[in-house]
Amino acid sequence: QVQLVESEGGVVQAGGSLRLSCAASGRTFSSYAMGYTMAWFRQAPGKEREFVATITSGGNTGYADSVKGRFAISRDNAKDTVYLQMNSLKPEDTAVYYCAARRSAYTSSYAPGYDYWGQGTQVTVSS
């Protein structure tokens, strides 16, 4: 069984920065060695879950247009951890952020295509 555990989110003022992390674990599991693609999604109150960013085991990345140029996804393969650096935060970035993993070497912005999910962490951006 694969577990994804996100770091605590927080409250930040508009224009500020925050970094989320997601540690993957499981008996004999290695997201990098097994070629898993990792991603971040988010869900605001009353809205559907939406794609934020993704990164393959080879380091290829993809971003939603709404966060391009402000957010950066990265991974530390030795620690089996993926990060989301969020800069120039806006109130509309307020949401629960979820880490996800899929058994594929290809990026995807389609939530049902991901096999494992973290429990989510709240990020609130105040104006």
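Nothing here was measured: the structure is a model prediction, and the numbers come from that model.
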Test item: [X] and [Y] side chains (from C-beta on) under 4.5 Å apart, heavy atoms:
{"X": "Val52", "Y": "Leu84", "value": "yes"}
{"X": "Met86", "Y": "Val12", "value": "no"}
{"X": "Thr121", "Y": "Val96", "value": "no"}
{"X": "Leu89", "Y": "Ser17", "value": "no"}
{"X": "Trp117", "Y": "Glu6", "value": "no"}
{"X": "Phe71", "Y": "Asn87", "value": "no"}

Output all residues satisfying salt bridge (Lys or Arg N to Asp or Glu O under 4.0 Å) with Glu92, sequence neighbours left out; order by chain, then residue number.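 Result, salt bridge (Lys or Arg N to Asp or Glu O under 4.0 Å) vs Glu92: none returned.
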Suppose we screen for salt bridge (Lys or Arg N to Asp or Glu O under 4.0 Å). Which residues come up paired with Arg102, at least two apart in sequence or across chains?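 Partners of Arg102 by the salt bridge (Lys or Arg N to Asp or Glu O under 4.0 Å) criterion come out as none, since no residue qualifies.
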Output the distance between atom [atom1] ([X]) and atom [atom2] ([Y]), rounded to the nearest 0.5 Å.
{"X": "Cys99", "Y": "Gln3", "atom1": "SG", "atom2": "CD", "answer": "12.5 Å"}
{"X": "Ser88", "Y": "Arg70", "atom1": "OG", "atom2": "CZ", "answer": "7.0 Å"}
{"X": "Trp40", "Y": "Tyr63", "atom1": "CH2", "atom2": "OH", "answer": "12.5 Å"}
{"X": "Tyr116", "Y": "Tyr36", "atom1": "OH", "atom2": "OH", "answer": "4.5 Å"}
{"X": "Asn60", "Y": "Thr107", "atom1": "CG", "atom2": "OG1", "answer": "7.5 Å"}
{"X": "Ser7", "Y": "Tyr97", "atom1": "OG", "atom2": "OH", "answer": "12.5 Å"}

Taking the basic N atoms (NZ, or NE/NH1/NH2) and the acidic carboxylate oxygens, is any pair closer than 4.0 Å for Lys90 and Asp93?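 Looking at Asp93 together with Lys90, the answer is no, because their closest N to O distance does not fall below 4.0 Å.
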Please name the pair of heavy atoms, one in Gly9 and one in Leu18, separated by the smallest distance, quoted to 0.1 Å.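 Smallest heavy-atom distance, with atoms named: C-CD2, 4.3 Å.
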Can you give me the closest heavy-atom contact between Ala44 and Ala95, atom names plus distance?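 Ala44 and Ala95 have their closest heavy atoms at N-CB, 3.8 Å.
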Counting distance only, does the side-chain N/O of [X] pair as donor-acceptor with the main-chain N or O of [Y] below 3.5 Å?
{"X": "Arg75", "Y": "Thr37", "value": "no"}
{"X": "Asp76", "Y": "Lys79", "value": "yes"}
{"X": "Thr61", "Y": "Thr54", "value": "no"}

Shared hydrophobic cluster, Leu20 / Ile73 (ILVMFWY, side-chain heavy atoms < 4.5 Å):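 Yes.
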Transitively linked via ILVMFWY side-chain contacts under 4.5 Å: Phe51 with Tyr83?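 No, Phe51 and Tyr83 fall in different hydrophobic clusters.
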After noting the C-alpha distance and the side-chain angles of Leu4 and Met38, does the key distance pass the side-chain contact (heavy atoms from CB on, under 4.5 Å) rule? CA-CA 10 Å; Leu4 302 176; Met38 307 295 291; 4.0 Å; yes
Find out whether the Lys NZ or Arg CZ of Arg42 is both under 6.0 angstrom from the six-membered ring centre of Tyr98 and within 45° of the ring's axis.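 Judged by the rule, Arg42 and Tyr98 form no cation-pi pair.
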Looking only at the aromatic ring of each residue, does the gap between the centers of Tyr114 and Phe41 stay below 6.0 angstrom?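 Ring-ring flag for Phe41/Tyr114: true, centres closer than 6.0 Å.
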